[in-house]
Protein chains: 2
Amino acid sequence: MKKYAEIVAAIRAVDKTVESDAKARLDSLTKPVGSLGILEDCAWRYAAARGELRARVRKPCMLTFAGDHGVADEGVSAYPQEVTPQMVANFARGGAAINVLCRDASADLKVIDMGTAIPCRFPGVIDHRLGAGTANIAKGPAMTRLQAETAIEAGAAEAGIAINDGATLLGTGDMGIANTTPSAALYSVLLGIDPEWVAGRGTGIDDARLAHKISVIRNAISVNCPDASDPLGVLAALGGFEIAGICGAILGAASEQIPIVVDGFISGAAALVAMRIRPDVADYCFFSHLSAESGHVAAISAMGIRPLLNLNLRLGEGTGAALAFHLIRAANAILNEMATFSDAGVSTADKQE
Amino acid sequence: MKKYAEIVAAIRAVDKTVESDAKARLDSLTKPVGSLGILEDCAWRYAAARGELRARVRKPCMLTFAGDHGVADEGVSAYPQEVTPQMVANFARGGAAINVLCRDASADLKVIDMGTAIPCRFPGVIDHRLGAGTANIAKGPAMTRLQAETAIEAGAAEAGIAINDGATLLGTGDMGIANTTPSAALYSVLLGIDPEWVAGRGTGIDDARLAHKISVIRNAISVNCPDASDPLGVLAALGGFEIAGICGAILGAASEQIPIVVDGFISGAAALVAMRIRPDVADYCFFSHLSAESGHVAAISAMGIRPLLNLNLRLGEGTGAALAFHLIRAANAILNEMATFSDAGVSTADKQE
């Protein structure tokens with residue numbers, strides 16, 4: 001398994017020459033310049049990240065990381081913690097939304113237990129357990145700095161295995177009861193936004209529990225005194241095992257020049273950590289959707305990102321990323337398969353003649 | 001070929017019992033209630049339109065209608081009229097964006113010449129020509145009422161053929177230089193919106209030509225004196241052959257209880273006419289995307305519709321609808337393939353216990 005420092009050091013800027021070539025090719029295709037909008041952006045961003053003009057999307061693979069959270073003890077979620085392994089069992093049997101959407105997108109799905117309270121010993125579930133859930137962030141750090149590095153290394157290793165198996169597009173997803181709480185804490189500290197603006201209802205808590213959740217996040221930040229300029233330290237203090245695994249998958253994908261589709265609220269917090277660790281990571285990320293989780297809009301705006309989809313999803317698991325696979329693959333097909341004006345003998349706009 | 005009156009008379013309301021059953025099934029699936037947002041809406045709307053809870057999306061088929069417009073003589077487009085048949089030739093050879101996106105979505109594509117200035121005698125292009133383009137709406141009606149009915153019958157017939165061939169989801173697309181002008185005129189009259197708010201830059205005209213386009217639309221409305229309560233008359237006065245064909249495909253699909261995905265600005269104008277002819281049509285339509293054509297936001301808001309995608313597309317051809325096929329198919333898979341809480345033995349939210 002590659003070490004944390006090695007993974008981070010391997011990340012370089014995307015290829016600006018390929019980016020220009022891809023934009024030029026898009027402008028030569030039989031359509032008014034720019035008329036495929038954000039699909040065109042996806043096409044050149046994919047090529048630039050791969051460092052190859054005609055690189056194709058092959059064998060997309062979703063990496064869904066599961067973990068539990070000590071902060072669930074504070075009563076911040078509508079669901080009991082036993083749901084985490086129950087849902088992982090559902091993933092293992094193929095009955096969850098993420099299974100359906102990955103099959104529908106012809107994508108592989110890998111489910112990784114990063115540390116649920118009850119171990120997920122189900123067929124096909126990959127074991128990278130770092131403990132029986134994190135410690136309660138309202139009382140101290142979620143994990144040690146070494147655990148955060150180890151979780152990142154595990155996530156990057158799983159990304160690497162998928163890439164070795166032929167995946168040229170990855171996606172991230174999460175499962176972990178209470179994990180909107182650590183995610184909101186990460187956004188709050190790294191973006192300098194009050195917890196009130198990034199905390200939301202998760203799987204469906206009421207007003208009273210939302211107010212309580214906000215105060216729990218405030219406590220967690222005040223107890224841990226995180227230093228925003230040390231993203232790994234912030235992740236260790238306030239994150240989660242599955243969040244660190246997602247962060248590792250993103251860093252690992254970027255280190256191998258493979259684009260990665262980031263799901264919603266939880267994956268976005270992991271991506272934010274990864275981008276703070278190494279800003280070049282941003283150009284390898286596709287942000288799939290604006291979550292209905294109310295804090296996401298504030299977080300994503302502060303990050304300066306416009307997600308591809310806005311479908312009021314708030315499920316996690318990687319469901320938004322799986323839907324966005326379709327768009328990235330379509331964009332990639334446009335760049336590679338459309339005829340140019342000269343191929344097709346089509347007249348260009350009169351003002352350009 | 002079924003007659004206009006017969007097509008319209010066959011359209012009935014979607015099945016509200018199936019709608020309730022589909023919503024109940026969605027709520028029983030292993031996810032927090034409503035957490036798949038608009039994807040869930042697509043799932044129950046599809047089932048209700050089909051009148052069958054477990055109806056599946058099979059063999060999606062895109063119907064792309066081409067036509068030319070006398071109003072192109074007024075200089076309202078950035079492209080010369082010869083581009084219409086050139087692009088249809090590109091469709092016939094498989095090199096256009098709609099070909100790529102239909103292949104990518106495993107969808108069939110049918111291209112129908114409803115009346116281009118130069119006939120589109122290319123392999124595979126279906127001939128329903130009603131003339132060498134419409135008359136110039138700035139000087140009088142685009143077509144006769146009989147032509148509008150005939151175009152609708154042709155569009156419905158092509159929808160019917162696709163449905164007989166096994167399609168359980170259709171899409172609409174357009175090709176026709178200058179066709180944002182008649183579309184804007186239709187929106188303006190049927191929605192009571194000033195032409196200034198629904199006219200846009202089409203394939204890319206400058207400020208001066210946009211101002212001219214708005215005045216052409218005003219003239220067209222004043223010359224034709226359309227009666228907004230007579231949608232077929234408005235279509236004949238201000239529409240286009242391909243717009244009438246799209247309107248017919250929508251009416252035809254609804255008459256056979258097959259949902260249809262409406263592309264952007266031009267297809268939306270055709271859908272508006274169809275919904276004014278028979279309001280029940282609305283429940284068979286999926287509006288695929290908010291176009292970058294600047295008038296679309298005003299039109300779609302006035303129609304009370306929230307499109308599925310917002311990707312700054314402004315190409316037409318059915319490209320937005322082809323992308324939305326992925327979402328409808330994914331939604332349909334969710335309803336049909338996910339496990340329920342009782343199947344999976346997953347605990348429900350504690351507040352519900």
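All heavy atoms count here, side chains included; hydrogens, waters and symmetry mates do not. Below, chain A is the first sequence line, B the second, and so on; all start at residue 1. What you see is a predicted model; the values in this text were computed from it and never measured.
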#### Entry: Interatomic distance, A/Leu311 atom CG to B/Cys42 atom SG [nearest 0.5 angstrom]
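One gets 7.5 Å once the value is rounded to the nearest 0.5 Å.
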### Message
Nearest 0.5 Å, please: how far is CZ in A/Arg329 from CG in B/Leu101?
### Response
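Answer rounded to 0.5 Å: 13.0 Å.
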Work out which heavy atom in [X] is nearest to a heavy atom in [Y]; give both atom names and the distance.
X: B/Val33; Y: A/Arg314; answer: O-NH2, 2.7 Å
X: A/Asn310; Y: B/Arg306; answer: O-NH2, 3.0 Å
X: B/Asn90; Y: A/Ala339; answer: OD1-CB, 3.7 Å
X: B/Thr30; Y: A/Met87; answer: O-CE, 3.6 Å
X: A/Gly37; Y: B/Leu313; answer: N-CD2, 4.4 Å

### Task
Measure distances from B/Ala330 to the heavy atoms of chain A and classify the residue's part below 4.5 Å as side chain, backbone, both or neither.
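Both the backbone and the side chain of B/Ala330 come within 4.5 Å of chain A.
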#### Entry: Interface moiety of B/Leu309 toward chain A, non-hydrogen atoms closer than 4.5 Å
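The side chain, not the backbone.
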Under 4.5 Å heavy-atom distance to chain B, tell me which part of [X] shows up: side chain, backbone, both or neither.
X: A/Asp104; answer: side chain
X: A/Leu29; answer: neither
X: A/Leu36; answer: both

### Among B/Asn336, B/Thr340, B/Val100, residue most engaged with chain A (heavy-atom pairs, under 4.5 Å)
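Result: the option with the highest number of such pairs is B/Val100.
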Quick one: does any side-chain atom of [X] pair with a main-chain N or O of [Y] as donor and acceptor, under 3.5 Å?
X: A/Glu337; Y: B/Gly95; answer: no
X: A/Arg93; Y: B/Ala344; answer: yes
X: B/Gln86; Y: A/Ser347; answer: yes

### Among the listed options A/Asn312, A/Val83, A/Leu315, the residue most often paired with chain B at heavy-atom distances under 4.5 Å
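Of A/Asn312, A/Val83, A/Leu315, A/Leu315 has the most heavy-atom pairs under 4.5 Å with chain B.
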### Task
List the steps and the verdict of side chain to side chain contact (heavy atoms under 4.5 Å, CB included) for B/Leu39 and A/Leu323.
CA-CA 10 Å; B/Leu39 214 59; A/Leu323 291 171; 3.9 Å; yes
### Task
In plain terms, say whether B/Glu317 and A/Lys31 are close enough for a salt bridge, that is, a side-chain N and a carboxylate O under 4.0 Å apart.
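Salt bridge absent between B/Glu317 and A/Lys31.
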